[in-house]
Amino acid sequence: MRSFLLSLSLLVTLSTALPSTAGAAELQLTQGEVRVPMPGRTVTAGYFSLVNNSAAAVELVKASSPAFARVELHQHIKQDDVMRMVEVEAISVDPGATLVFQPGGLHLMLFEPQVALTVGETVSVTLYFADNTTKELELPLTAMPRR
């Protein structure tokens with residue numbers, strides 16, 4: 001199963017370059033996943049890495065998915081010695097930099113699944129940028145890790 005997901009991630013990497021247009025950055029997905037919510041839960045997280053291969057910074061301002069009622073950009077911050085998740089309005093990606101969404105850091109919060117979510121399938125996620133460009137991602141659904 002793990003090799004299947006790695007192969008799927010590689011396939012997504014090879015097929016998701018954003019076409020270059022005036023003012024739009026070339027972005028490449030290097031890995032990604034959306035975790036299937038625990039039974040009885042309606043919130044989950046999505047993770048991925050995007051490489052900005054352009055000479056200009058880009059600003060990620062929004063995400064959406066037809067598989068979820070709402071998607072938000074989130075990050076973890078330490079506030080009063082307590083780690084908290086907070087929504088962020090925008091995330092800048094410098095030229096040549098990699099934006100990493102990962103547990104304990106930046107991530108997508110996905111609310112209220114609108115379809116049945118099955119490990120091994122994929123969900124579509126659209127990223128929206130300040131320059132009015134978008135990037136479509138197909139992210140594999142993975143099981144929530146056991147603690």
Side-chain angles (χ1 to χ4, degrees), residues 1-13 16-18 24-147:
M1 179 65 157
R2 188 158 182 78
S3 64
F4 168 76
L5 291 176
L6 290 174
S7 297
L8 183 59
S9 292
L10 181 58
L11 177 64
V12 170
T13 298
T16 59
L18 184 68
E26 292 183 19
L27 299 175
Q28 181 181 23
L29 178 73
T30 60
Q31 61 184 354
E33 71 175 345
V34 170
R35 294 180 174 170
V36 174
M38 300 288 283
R41 304 282 182 153
T42 60
V43 178
T44 192
Y47 308 107
F48 56 89
S49 294
L50 280 175
V51 180
N52 180 356
N53 291 315
S54 77
V58 296
E59 188 174 34
L60 176 62
V61 295
K62 180 180 161 184
S64 68
S65 173
F68 295 89
R70 189 172 85 244
V71 180
E72 296 177 356
L73 306 173
H74 274 230
Q75 71 177 354
H76 279 95
I77 63 167
K78 190 170 187 176
Q79 188 176 48
D80 299 324
D81 291 328
V82 176
M83 292 302 291
R84 299 182 189 280
M85 282 189 296
V86 295
E87 184 177 5
V88 294
E89 290 186 25
I91 302 165
S92 185
V93 189
D94 291 331
T98 301
L99 175 64
V100 179
F101 278 60
Q102 63 188 354
L106 293 170
H107 59 281
L108 297 179
M109 288 298 298
L110 302 111
F111 299 88
E112 302 171 32
Q114 303 295 293
V115 297
L117 302 174
T118 304
V119 171
E121 293 183 356
T122 62
V123 292
S124 177
V125 174
T126 303
L127 303 179
Y128 299 84
F129 297 90
D131 64 359
N132 292 320
T133 59
T134 61
K135 179 156 184 66
E136 296 286 330
L137 308 177
E138 287 295 324
L139 299 175
L141 290 165
T142 62
M144 194 69 69
R146 295 185 183 185
R147 297 178 191 199

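Excluded from the calculations below are hydrogen atoms, water molecules and symmetry mates; all remaining heavy atoms, backbone and side chain alike, are included.
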Answer yes or no: is there a side-chain heavy-atom contact under 4.5 Å between [X] and [Y]?
| X | Y | answer |
| --- | --- | --- |
| M144 | V36 | no |
| L117 | V123 | yes |
| T142 | V119 | no |

Among L50, L99, L29, whose side chain to side chain contact (heavy atoms under 4.5 Å, CB included) with L127 holds?
-> L50
Between [X] and [Y], what is the shortest heavy-atom contact and its length?
| X | Y | value |
| --- | --- | --- |
| L27 | N52 | CD2-CA, 3.6 Å |
| E33 | L139 | N-CD2, 4.2 Å |
| L108 | V125 | CD1-CG1, 3.9 Å |
| T44 | P37 | CB-CG, 3.9 Å |

Please list all pairs passing the ring pair (Phe, Tyr, Trp, His ring centres under 6.0 Å) test where one or both residues lie in residues 82-115, with sequence neighbours left out.
-> F48-F101, H74-H107, H76-H107
Would a distance-only check, ignoring hydrogens and angles, find a side-chain to backbone donor-acceptor pair under 3.5 Å from T126 to E136?
-> no
So, E138 and T122: side-chain donor and acceptor under 3.5 Å apart, yes or no?
-> yes
First locate atom [atom1] of [X], then atom [atom2] of [Y], and finally report the distance between them rounded to the nearest 0.5 Å.
| X | Y | atom1 | atom2 | value |
| --- | --- | --- | --- | --- |
| R35 | R41 | CZ | CZ | 14.5 Å |
| L141 | T118 | CG | OG1 | 7.5 Å |
| M85 | E72 | CE | CD | 10.0 Å |

For F68, what residues pass the ring-ring contact (aromatic ring centres under 6.0 Å, His included) criterion, not counting sequence neighbours?
-> none
Tell me the side chain to side chain donor-acceptor pair (under 3.5 Å) pairs involving residues 80-101, sequence neighbours left out?
-> Q79-R84
Residues 56-67, side-chain donor-acceptor partners within the protein, below 3.5 Å, at least two apart:
unit_1, atom_1, unit_2, atom_2, d
S64, OG, Y128, OH, 3.0
S65, OG, A67, N, 3.1
S65, OG, S124, O, 2.7

With sequence neighbours excluded, tell me which residues meet side chain to side chain contact (heavy atoms under 4.5 Å, CB included) with P39.
-> none
For Q114, which residues count as a side chain to side chain contact (heavy atoms under 4.5 Å, CB included) partner, sequence neighbours excluded?
-> A69, E112
How far apart are the C-alpha atoms of Q31 and S49, what are their side-chain angles, what is the distance that settles it, and do they pass the side chain to side chain donor-acceptor pair (under 3.5 Å) test?
-> CA-CA 6 Å; Q31 61 184 354; S49 294; 3.2 Å; yes
